[in-house]
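Each ligand, and each atom within it, is numbered from 1 in the order the structure gives.
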Amino acid sequence: MDFKTLIAKRRSIRKYDARPVPQEVIDRLLEATLTAPSSRNSHSTHLRVITDPQLLEQLASMRDYGSAFMKSAPLAILVLGDTSVTDKWLVNSSISATMLQLACVDEGLGSCWVHIDGSLCYKDEPDGPTADQFVRKLLDLPEHLKPLCAIAIGYSDFEPAPLPAWDKAAHIHQ
Ligand SMILES: Cc1cc2nc3c(=O)[nH]c(=O)nc-3n(C[C@H](O)[C@H](O)[C@H](O)COP(=O)(O)O)c2cc1C
């Protein structure tokens, strides 16, 4: 797929059919994700693959807004940053997550970013637990690995509409 087609096809997909994602496809997604550049080549990004339906359902309940759809995904890949190797882990992880979403398009998969870092579990409880704390406990993450987001992934049985037009010119300064 050429680059222009790839970026035009990328949309957030939150509904998936029942097909599992084959292991060889998962392997290619992981490989592509880890080609992302990183500050001082620090390679701070780590990936956790989740295919267990029970675990996906638990992960989907990390927040009371914007994460529930993940329970119907056959796959989620958690994008984590190793805070012990660079202070740029968040930026590195963001680039990796974007690379992963583009790799999904190339494999004919739909995906959607589910945010973790800095997000609350309950939107009306500003002093309540955070999604980071929830995920950390659920997956028993080591202290130095910070979850940025989960990318929910699966096959979509519909072709999403192209990106709606918006005023890009107002965002370009030259
Ligand atoms: C940093 C970031 C966080 C996001 N968090 C969520 C989320 O928690 N839940 C969700 O359903 N979509 C989430 N999204 C997807 C956006 O809502 C989506 O990219 C945006 O509405 C534009 O739609 P498009 O991806 O189809 O172009 C997130 C996207 C980004 C880049």
CA sep, side-chain torsions, deciding dist, call: L30, I26, side chain to side chain contact (heavy atoms under 4.5 Å, CB included)
CA-CA 6 Å; L30 300 173; I26 297 177; 4.0 Å; yes

Could you please spell out the steps behind the side chain to side chain donor-acceptor pair (under 3.5 Å) verdict for D82 and S84?
CA-CA 5 Å; D82 184 342; S84 72; 2.6 Å; yes

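Atoms of ligand 1 found under 4.0 Å from any heavy atom of F69 (numbered from 1 in listed order, with element): 11 (O). Close approach of ligand 1 to V114 (heavy-atom distance below 4.0 Å) involves ligand atoms 7 (C), 8 (O). Below 4.0 Å from some heavy atom of L163 lie the following atoms of ligand 1, by number and element: 27 (O). Taking every heavy atom of C112 and a limit of under 4.0 angstrom, the matching atoms of ligand 1 come to 10 (C), 11 (O), 12 (N).
Ligand 1 is never approached by S67 to a heavy-atom distance shorter than 4.0 Å. For the pair Y65 and ligand 1, no heavy-atom separation below 4.0 Å is found.
The closest donor-acceptor contact from the side chain of R28 to the backbone of A103 lies at 3.5 Å or more, if one exists at all.
Using a 3.5 Å distance cut-off with no hydrogens or angles, the side chains of H115 and D117 do not pair a donor with an acceptor.
Taking atom 9 (N) of ligand 1 as the reference point, the nearest protein heavy-atom neighbour is G66 O, 2.8 Å. In terms of protein heavy atoms, atom 8 (O) of ligand 1 is closest to R63 NH1, 2.8 Å. The nearest heavy-atom contact from the protein to atom 22 (C) of ligand 1 is S12 OG, 4.6 Å. Ranking protein heavy atoms by distance to atom 3 (C) of ligand 1, first place goes to W113 CD1, 3.3 Å.
Other residues, nucleotides and ligands contribute at most 12 non-hydrogen atoms within 6.0 Å of the OH atom of Y122.
Side chains of L100 and I153 form a contact here, defined as non-hydrogen atoms less than 4.5 Å apart. Here the side chains of K9 and T5 are in contact, with some heavy-atom distance below 4.5 Å.
Distance check on atom 20 (C) of ligand 1: every protein heavy atom falls at or beyond the 4.0 Å cut-off.
Taking both residues in full, the closest heavy atoms of N92 and P37 are given as OD1-O, 4.4 Å, listed atom of the first, atom of the second, then distance.
Closest heavy-atom approach to atom 16 (C) of ligand 1 among the candidates R14, Q101, R10: R14.
A salt bridge links R19 with D17; the closest basic N to acidic carboxylate O contact falls under 4.0 Å.
The proximity of S119 to ligand 1, defined as any non-hydrogen pair under 4.0 Å, does not occur for either the backbone or the side chain.
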